[in-house]
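Below is one structure, written out as structure tokens; comments come after it.
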Number of protein chains: 2
Amino acid sequence: MAQTLDTVFAALADPTRRAILQMLLEDDMAVTDVADPFEMSLAAISKHLNVLTNAGLITQEKRGRVKWCKLEPDAMKAASVWMQGFGQFEPVNLDAFEAFLERELGTSESPDP
Amino acid sequence: MAQTLDTVFAALADPTRRAILQMLLEDDMAVTDVADPFEMSLAAISKHLNVLTNAGLITQEKRGRVKWCKLEPDAMKAASVWMQGFGQFEPVNLDAFEAFLERELGTSESPDP
DNA sequence: GCAATCGTCAACCGATTGGTTGAATATAAG
DNA sequence: CTTATATTCAACCAATCGGTTGACGATTGC
């Protein structure tokens with residue numbers, strides 16, 4: 001809910017939390033299922049999920065006795081843009097760029113059959 | 001020197017360190033000058049610079065009794081790319097996109113005199 | 001040579017972090 | 001109603017963090 005650069009970067013600084021985010025990239029998950037692959041207590045995972053929630057990186061919705069975790073990738077936007085300010089490294093990757101152009105703007109150049 | 005996602009994100013999670021990086025965006029600086037605008041001891045800044053160095057985000061070169069700090073934006077690359085993997089958020093934002101096109105590719109549209 | 005400048009080191013401090021355990025709360029299922 | 005499941009809470013712990021201070025080691029300038 002804070003969703004400042006501080007909270008987002010801090011949340012991303014932990015490998016467990018990054019792994020959780022990547023799992024949620026595939027699908028929404030219940031807390032128990034998020035915890036499953038990790039060798040650590042459920043309570044610990046619950047705390048990690050709180051950190052991610054505070055950073056705005058996920059939202060949690062309780063349906064019945066199960067709390068579903070949903071990825072909120074938009075919360076990375078500000079952090080990503082901040083980094084791009086140092087953008088000597090390619091802003092997105094030219095391939096993605098061209099793909100975007102072709103798809104969204106119809107720059108009929110189609111270099112690939 | 002570690003330059004893992006862990007160290008980079010952790011380094012970026014502190015506002016003082018982010019401010020330092022932005023200062024170095026303009027020019028290389030001596031440690032004392034980096035410390036100047038902050039209301040905190042030189043030793044504290046020295047520690048922050050160590051954290052940034054360990055993350056690979058800056059390098060420090062001693063010339064005479066002055067130690068120069070230099071930004072190393074490439075160290076952000078891996079972290080930036082990792083974030084882009086969640087790229088549901090627009091690749092950069094259409095404005096930034098156009099800006100990119102104009103600046104980098106010279107899409108001579110110059111909407112602003 | 002001596003004093004000033006640049007920067008780090010070491011010891012310390014309180015706050016935060018990442019983890020544990022065990023008890024507690026809802027909700028669901030039999 | 002009773003039991004099992006899903007999740008959190010509270011207390012605790014060791015380790016790390018961000019900061020301070022004071023002493024110290026280089027380097028420079030007079």
Side-chain angles (χ1 to χ4, degrees), chain A residues 1-24 27-71 79, chain B residues 1-24 27-71 79:
Chain A
M1 290 244 174
Q3 211 189 142
T4 61
L5 289 179
D6 281 50
T7 57
V8 169
F9 279 131
L12 296 181
D14 184 278
T16 302
R17 288 192 292 259
R18 286 198 306 276
I20 291 175
L21 291 177
Q22 286 188 302
M23 290 165 59
L24 292 177
D27 210 350
D28 296 0
M29 294 178 80
V31 173
T32 310
D33 296 332
V34 169
D36 215 49
F38 298 98
E39 284 179 343
M40 110 183 32
S41 71
L42 192 55
I45 296 293
S46 185
K47 283 188 185 182
H48 280 305
L49 292 173
N50 275 338
V51 173
L52 291 172
T53 301
N54 283 335
L57 290 163
I58 67 170
T59 50
Q60 292 174 281
E61 183 197 354
K62 196 167 185 177
R63 277 203 298 272
R65 67 181 161 183
V66 169
K67 204 168 182 182
W68 292 91
C69 304
K70 177 174 166 43
L71 184 64
Chain B
M1 291 242 176
Q3 210 190 142
T4 61
L5 290 180
D6 280 50
T7 57
V8 170
F9 279 130
L12 296 181
D14 184 276
T16 301
R17 289 192 291 260
R18 286 197 307 276
I20 290 174
L21 291 177
Q22 286 186 304
M23 290 165 58
L24 291 178
D27 209 351
D28 297 1
M29 294 179 78
V31 173
T32 311
D33 296 331
V34 169
D36 215 48
F38 297 98
E39 285 179 343
M40 111 183 31
S41 71
L42 191 56
I45 296 293
S46 185
K47 283 188 185 180
H48 281 304
L49 292 173
N50 275 339
V51 173
L52 291 172
T53 301
N54 284 335
L57 290 163
I58 67 170
T59 49
Q60 293 175 279
E61 184 197 352
K62 196 167 184 176
R63 277 204 297 273
R65 69 180 160 181
V66 169
K67 205 169 182 182
W68 293 91
C69 304
K70 177 176 166 43
L71 184 64

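Fair warning: this is a prediction, and the values are worked out from it, not measured in the lab. Throughout, protein chains are lettered first and strands after them, A, B, ... in sequence-line order, and every chain is numbered starting at 1.
The NZ atom of B:Lys67 lies 11.0 Å from the CD atom of B:Glu61; values are rounded to the nearest 0.5 Å. The distance from atom SG of B:Cys69 to atom CE of B:Met23, rounded to the nearest 0.5 Å, is 9.5 Å.
Following rounding to the nearest Å, A:Met40 (CE) and C:dG18 (C1') show an atom-to-atom distance of 8 Å. Nucleotide C:dT16 holds its P atom 16 Å from the CG atom of A:Asn50, rounded to whole Å. One can place CZ of A:Phe38 at 17 Å from C1' of C:dT20, the figure rounded to the nearest angstrom. The NZ-P distance, from A:Lys62 to C:dA26, rounds to 8 Å in whole Å.
Between B:Leu24 and B:Leu57, every side-chain heavy-atom pair lies at or beyond the 4.5 Å cut-off. B:Phe9 has its side chain out of reach of A:Arg17: every pair of non-hydrogen atoms, C-beta onward, lies at least 4.5 Å apart.
The minimum heavy-atom distance linking B:Phe38 with B:Ile45 is given by the pair CD1-CD1, 3.7 Å. Of all heavy-atom pairs between B:Ala10 and A:Ala13, the closest is N-CB, 3.5 Å. Of all heavy-atom pairs spanning B:Asp6 and A:Arg18, the tightest one is OD1-NH2, 2.6 Å.
Residue contacts for A:Arg17: at a heavy-atom cut-off of 4.0 Å it reaches the sugar-phosphate backbone alone, with no base atom in range.
When DNA chain D is scanned in the 5' to 3' direction for atoms under 4.0 Å from non-hydrogen atoms of chain A, the outermost contacting nucleotides are D:dA4 to D:dA11.
Summary of the strand contacts: B:Asp14 and A:Trp68 both lie near DNA chain D, and taking for each the nucleotide with the nearest heavy atom, the more 5' one is attributed to A:Trp68.
With hydrogens and angles ignored, the 3.5 Å screen pairs a side-chain donor or acceptor of B:Thr53 with a backbone N or O of B:Leu49.
The stretch residues 41-49 of chain A comes close to DNA chain C through A:Ser41, A:Ala43, A:Ala44, A:Lys47, A:His48, each having a heavy atom under 4.0 Å from the strand.
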